[in-house]
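Contents: one structure, followed by commentary.
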There are 2 protein chains.
Amino acid sequence: MRKTGDLNLVKEINKSIVLDYIRHQSPISRARIAELAGLTKATVSSLVNELIGSRLVQEIGAGASSGGRKPMMLLFNGTAGYSIGVDLGVDYILVVLTDLSGRIVFERRHAHANTSVERVIDALKAAIREAADQAPASAYGIIGIGIGIPGISDGQGRVLFAPNLGWENVPLGPAIEEAFGVPVVIDNEANAGAVGELQFGTGQAADNLVYLSIGSGIGTGIVLNKELYRGSSGFSGEFGHTSIELEGKPCRCGNRGCWELYASESALLEEARKQLEDRGLDVGRLIRLAEQGDEAAIRLFERWGFYLGIGIVNIMNGINPGLIVIGGKLAEAEQWLKAPLLAAVERRSMPYPRAGMGLKFSGLGARSTVLGACSFAISKFFASTKVLVN
Amino acid sequence: MRKTGDLNLVKEINKSIVLDYIRHQSPISRARIAELAGLTKATVSSLVNELIGSRLVQEIGAGASSGGRKPMMLLFNGTAGYSIGVDLGVDYILVVLTDLSGRIVFERRHAHANTSVERVIDALKAAIREAADQAPASAYGIIGIGIGIPGISDGQGRVLFAPNLGWENVPLGPAIEEAFGVPVVIDNEANAGAVGELQFGTGQAADNLVYLSIGSGIGTGIVLNKELYRGSSGFSGEFGHTSIELEGKPCRCGNRGCWELYASESALLEEARKQLEDRGLDVGRLIRLAEQGDEAAIRLFERWGFYLGIGIVNIMNGINPGLIVIGGKLAEAEQWLKAPLLAAVERRSMPYPRAGMGLKFSGLGARSTVLGACSFAISKFFASTKVLVN
DNA sequence: TAAGTTTGTAAATTGATTAAACAAACTTAG
DNA sequence: CTAAGTTTGTTTAATCAATTTACAAACTTA
């Protein structure tokens, strides 16, 4: 049964248009919204007044006149509610509390040992509880919780498969939902990162973007037409497991020559530890070596940039997103990676689509995923007609 | 200025829901539509009567009763208008005339020499004129023309770049539009093929599909959420130019080891001609050799299937469409390709997403592109509110 | 000070959906 | 063969969000 049209739908559409203008172009007046949106002043006035009634919008006083009555300026009331975002890593839990504008109010990173599913869920609950307790009093309170996981989930909050956690078929969403009594959204960590960059980071102007989460593997989050693309089986896309070497190294996924075997952080470190004969080497140390002018370290970054470039060209040619955002710990090494990466891309991509393409390092750094998780919760809050109808 | 909600929008939405039921589930009664769509009987009745008024729907008499008054069955009137689809190849022009249901009424394949842009456009006009003259009298006449081209176009009907035709910046759409006075849609041949399969072929049940057009190169058309994905610069995606061999053969696109250098028809023929020492060899001949049990020919197909499989696994892992449709001349070789292809896919893909994936050879064969082109024209006709409002 | 602008609200109108009622057409149980 | 119940499709009145038109208030500018 497809969604049919009725007066409620009309109002919902228009109210969300009006709210979007106030969210993204504030301070703004009723008259200006009417002009921009193509609605009449009367309609906008009525909808704005309802939004004020539901505490999502505030009047902040008169603005400058342009030759007539002064406009009453409107502001989105970000503090009408709070959202909790969680980035569940293999050995850490990063939690933030944000208001409805995505402004971070509280942030905490916990270590976790991943001894059992129950322990992790308990740790998650404690971390979420701590964040929730920091939320100031507000009209709607905690409106939802978003969680980014290193694995895949179905649409109902169940973690289907998270190899690096050793999880299979864990009903994480329902567990958290039951504990806190608010809607919970679970999605892949790279998907969350992509949405984080779209809403609050480097990708705010983009329609289509691919977010690369580079760590022990390479995860990809794909946003098309401003919407997260989740793929047909919830398994939205893993460019990390596309082969760039026909008969390359075998990968645990069954394929050979997967991109992440060459361009992930783990791949870099493995090679670096071998070459530099240092078994405890990490990326920070490698960066310091490069800064000191160590030739071998610099060559390693150059090689890594090259491998990254290969896969990025494949993504550019394959789905031509307007923007590719490189995220994760990698952003720290931007200085050493950028030049060889751009060189590889330049050398191997077609001039035409490249011209319209952006390639940027994440501005949100390690926060892309948590902020994306918050955005899931906030979007769900606004989508649940609760606020927008009546 | 975003599209706002008003009464027209509501009606447009509901009318198109009703029309879709009649198009895809006919014969169907008003009462049944109301039940399925979640609209009231009164609303459906009113909308259906307007659709009958605009000649898009017909009553075909009473159906079987289920214990009450007999329902009046409704049928989509496919012959209320006709659409022309064109597949412009490097050396041929394939034209079809279809009714609004996509039923082919007339079809003709012409050869063309590609001596100059003007000559080709003249040949196109003549071919279209011939098809248009075959259209029976109807309520709306020729409602539009769709053209699939071996290149990329902007949204305004301009051919930006078609290397194999030697075209750059040709205003094909406006030229045809001026000559025939109906809307013209131009898009890439693989994009058209993808839409053809979605609307009339193997992909009718799919939400997401990738269509592979395998010829001298490999073109890909991507459909996501039932909509053609056009990419950020109109350059919607060319998986043919993703590298599957890091330091493989150089490609004219600037990259190395592009998939189409291994898995295109040209790549097969090049290798086959070398191995079999037959410079005039074509695919038909190779198939016949394989049918006669020629070991070398069979091995060539096996190798080709393997290369195809590599790229298909990359697409599966990269964007996880629900369905991949293999199209073009290739379908003829299905018998020899299928086994090695499936073996490669089976061996190298992850069990989880593979389970939900379909991999099929085109049912429309060489007609995917023309029918997709027709579908462009038909969709544009229905989208132009002309029919749906008032 | 008067004229013109701009903002935001109010009142009347429009039009599509819905809910409720109903007539017509049909099946089925007795 | 009749009466009761079902199903279909239309009619009528009510609802409600947007629009159109009008207008008062607040402001700038000549």
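To find a chain, count down the sequence lines: A is the first, B the second, and so on, and within it residues start at 1. Side-chain atoms are counted along with the backbone in the values below, which use heavy atoms only and exclude waters and symmetry mates.
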Next on the checklist: Expressed as a whole number of angstroms, how long is the span from A:Leu74:CG to C:dT7:C1'?
Outcome noted: 12 Å
Next on the checklist: For a quick test of reading the model: is some side-chain N or O of B:Thr40 closer than 4.0 Å to OP1 or OP2 of C:dA19?
Outcome noted: no
Checklist entry - Considering only side-chain heavy atoms of B:Pro71, which listed nucleotide, D:dA18, C:dA16, D:dG9, is closest? => result D:dG9
Next on the checklist: In whole Å, I'd like the distance from the CD1 atom of A:Ile13 to the C1' atom of D:dC16.
Outcome noted: 15 Å
Checklist entry - With sequence neighbours excluded, what pairs up with A:Arg32 under the salt bridge (charged side-chain N to carboxylate O under 4.0 Å, His left out) test? => result A:Glu35
Checklist entry - Just checking, any donor-acceptor pair under 3.5 angstrom between side chains of B:Thr79 and B:Asn77? => result yes
Checklist entry - A:Met73 has an atom CE; how far is it from atom P of C:dT7, in whole Å? => result 10 Å
Item to check | Euclidean distance, atom NZ of residue A:Lys41 to atom P of D:dC23 [Å, nearest integer] | outcome: 14 Å
Checklist outcome for this item: B:Leu9 atom CG is separated from C:dG15 atom P, nearest whole Å, by 16 Å
Next on the checklist: Test of understanding: with side chain to side chain donor-acceptor pair (under 3.5 Å), list the residues that count as partners of B:Arg55, not counting sequence neighbours.
Outcome noted: none
Item to check | Which residues share a salt bridge (charged side-chain N to carboxylate O under 4.0 Å, His left out) with A:Asp6, sequence neighbours left out | outcome: none
Checklist entry - Residues in salt bridge (charged side-chain N to carboxylate O under 4.0 Å, His left out) with A:Arg103, at least two apart? => result A:Asp99
Item to check | Partners passing side chain to side chain donor-acceptor pair (under 3.5 Å) against A:Asn191 (at least two apart in sequence or in another chain) | outcome: A:Asp187, A:Ser236
Checklist entry - Quick one: side chain to side chain donor-acceptor pair (under 3.5 Å) partners of A:Arg69, sequence neighbours excluded? => result none
Item to check | By side chain to side chain donor-acceptor pair (under 3.5 Å) - contacts of B:Thr40 (at least two apart) | outcome: B:Thr43
Item to check | Whole angstrom value for the distance that separates P of D:dC16 from CG of B:Asp6 | outcome: 19 Å
Item to check | Pairwise side-chain contact, A:Arg23 with A:Leu56, heavy-atom cut-off 4.5 Å (strictly under) | outcome: no
Checklist entry - Reading DNA chain D 5' to 3', how would its secondary structure be written in dot-bracket notation, given Watson-Crick and G-U pairs with both distances under 3.5 Å, brackets [ ] for crossing pairs and | for partners on other strands? => result ||||||||||||||||||||||||||||||
Checklist entry - What residues in residues 22-32 of chain B put a non-hydrogen atom under 4.0 Å from any atom of DNA chain D? => result B:Ser29, B:Arg30, B:Ala31
Item to check | Length of the CG-P vector between A:Leu7 and C:dA19, whole Å | outcome: 12 Å
Next on the checklist: Please determine whether a side-chain nitrogen or oxygen atom of B:Asn14 lies at a distance below 4.0 Å from atom OP1 or OP2 of C:dA16.
Outcome noted: no
Review item, side-chain donor-acceptor pairs of residues 193-206 of chain A, under 3.5 Å, at least two apart:
residue	atom	partner	partner atom	Å
A:Glu197	OE1	A:Thr202	N	2.9
A:Glu197	OE1	A:Thr202	OG1	3.1
A:Glu197	OE2	A:Ser362	OG	2.6
A:Glu197	OE2	A:Ser368	OG	2.9
A:Thr202	OG1	A:Gly363	N	3.2
A:Gln204	NE2	A:Phe200	O	3.2
A:Gln204	NE2	A:Gly201	O	3.0

Anything under 3.5 Å between a protein N or O and an N or O of nucleotides 24-27 of chain C, put it in a table, one pair a line.
residue	atom	partner	partner atom	Å
C:dA25	N3	B:Arg69	N	3.2

Checklist entry - Can you list the residues that meet the salt bridge (charged side-chain N to carboxylate O under 4.0 Å, His left out) rule with B:Glu59, with sequence neighbours excluded? => result B:Arg30
Checklist entry - Can you check the A:Lys11 NZ to D:dT19 P distance for me, whole Å? => result 13 Å
